[in-house]
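Data first, discussion second: the structure below is written as structure tokens.
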Amino acid sequence: MYLINVYKNTGLSKEKNNPYSLPRCTVLQEFEDVNRERFQSTGIGFIPVELAVSESFFDTLFKFYRDNGGADKPVFVALKTKMNSEGKNLVVSFSVSPAQSNVDQSENPSPVFGGKKSA
């Protein structure tokens, strides 16, 4: 899947004024048709999916994304999630496919991302 951003929202809660941190990332997932009795959805392409990131893993993912051109283009990764004690899935690690990560897209840009050549 393509990682398209890594970010963290921080602030103070409205009710108790407690500090909070919400590390997140967004990936593009292939669109899948849904055909249920009461709901149908048909399409083609990709949809953005926001995922929570483990606080302890955020800096690693952020640095990887930044160092691998994330500011200019999506980065292909396989993300691993784990359920925390609150029952939420968190991104805890990733792997990179050598076949995907070593492809030079400057000569054969992906039409999915506008086909722009990197400078």
Side-chain angles (χ1 to χ4, degrees):
M1 70 183 57
Y2 284 97
L3 183 62
I4 61 172
N5 65 44
V6 178
Y7 64 98
K8 184 188 297 191
N9 295 328
T10 59
L12 299 173
S13 67
K14 291 180 182 178
E15 292 180 13
K16 297 184 179 181
N17 213 30
N18 291 334
Y20 67 84
S21 174
L22 301 170
R24 300 279 190 264
C25 69
T26 307
V27 296
L28 291 180
Q29 184 174 350
E30 287 186 56
F31 185 89
E32 293 183 19
D33 289 348
V34 176
N35 190 7
R36 297 186 185 128
E37 183 179 335
R38 297 179 59 106
F39 177 79
Q40 297 81 39
S41 180
T42 303
I44 189 168
F46 297 87
I47 57 171
V49 178
E50 184 182 73
L51 302 170
V53 176
S54 165
E55 189 72 48
S56 62
F57 181 63
F58 177 81
D59 289 341
T60 301
L61 185 61
F62 185 90
K63 183 179 184 318
F64 168 80
Y65 187 65
R66 181 194 63 210
D67 293 349
N68 286 279
D72 300 322
K73 64 182 183 293
V75 175
F76 191 84
V77 296
L79 299 175
K80 180 180 178 186
T81 61
K82 184 176 182 180
M83 193 172 293
N84 70 4
S85 61
E86 298 172 355
K88 296 179 184 177
N89 277 319
L90 300 176
V91 175
V92 295
S93 67
F94 67 93
S95 60
V96 179
S97 167
Q100 289 289 336
S101 63
N102 293 333
V103 174
D104 180 3
Q105 291 295 324
S106 62
E107 294 302 317
N108 186 18
S110 170
V112 173
F113 305 114
K116 296 180 181 176
K117 290 186 178 184
S118 57

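Predicted model only: the values in this text are computed from it and were never measured. Note that the numbering runs from 1 along the sequence shown for the chain. The analysis underlying the following values was restricted to heavy atoms, covering all of them including side chains, and did not include hydrogens, waters or symmetry mates.
- For the atom pair OH of Y2 and CD of Q29, the computed distance is 14.5 Å after rounding to the nearest 0.5 Å.
- Placement of F31 and M1 within a single hydrophobic cluster is found when ILVMFWY residues are connected by side-chain heavy-atom separations under 4.5 Å, directly or transitively.
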In residues 74-86, what donor-acceptor pairs under 3.5 Å come from side-chain atoms, sequence neighbours left out?
from: N84; atom 1: OD1; to: E86; atom 2: N; distance (Å): 2.9
from: N84; atom 1: OD1; to: G87; atom 2: N; distance (Å): 3.1
from: N84; atom 1: OD1; to: K88; atom 2: N; distance (Å): 2.9

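- Under the 3.5 Å distance criterion, the side-chain polar atoms of Y65 are left unmatched by any main-chain donor or acceptor of T60.
- With sequence neighbours excluded, the residues that form a side-chain hydrogen bond (donor to acceptor under 3.5 Å, both in side chains) with S56 are S54.
- Each of Y7 and L28 belongs to its own hydrophobic cluster when Ile, Leu, Val, Met, Phe, Trp and Tyr are linked at side-chain heavy-atom distances under 4.5 angstrom.
- Contact annotation: the side chain of L61 approaches that of L3 to within less than 4.5 Å [non-hydrogen atoms, C-beta and beyond].
- In this structure, the ring-ring contact (aromatic ring centres under 6.0 Å, His included) partners of F64, at least two apart in sequence or on a different chain, are F94.
- Applying the side-chain contact (heavy atoms from CB on, under 4.5 Å) criterion to F62, with sequence neighbours excluded, gives V6, F58, R66.
- The cluster map of Ile, Leu, Val, Met, Phe, Trp and Tyr, joined by side-chain heavy atoms under 4.5 Å apart, puts L22 and V49 in different clusters.
- Applying the side-chain hydrogen bond (donor to acceptor under 3.5 Å, both in side chains) rule to pairs touching residues 12-27 yields N5-T26, S21-E55, sequence neighbours excluded.
- Counting non-hydrogen atoms of other residues, nucleotides and ligands closer than 6.0 Å to CD of E50 gives a total above 12.
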Quick one: side chains of residues 33-48, donor-acceptor pairs under 3.5 Å with protein atoms, not counting sequence neighbours, listed by atom name and distance.
from: D33; atom 1: OD1; to: G43; atom 2: N; distance (Å): 3.1
from: Q40; atom 1: NE2; to: R36; atom 2: O; distance (Å): 2.4
from: Q40; atom 1: NE2; to: E37; atom 2: O; distance (Å): 3.4

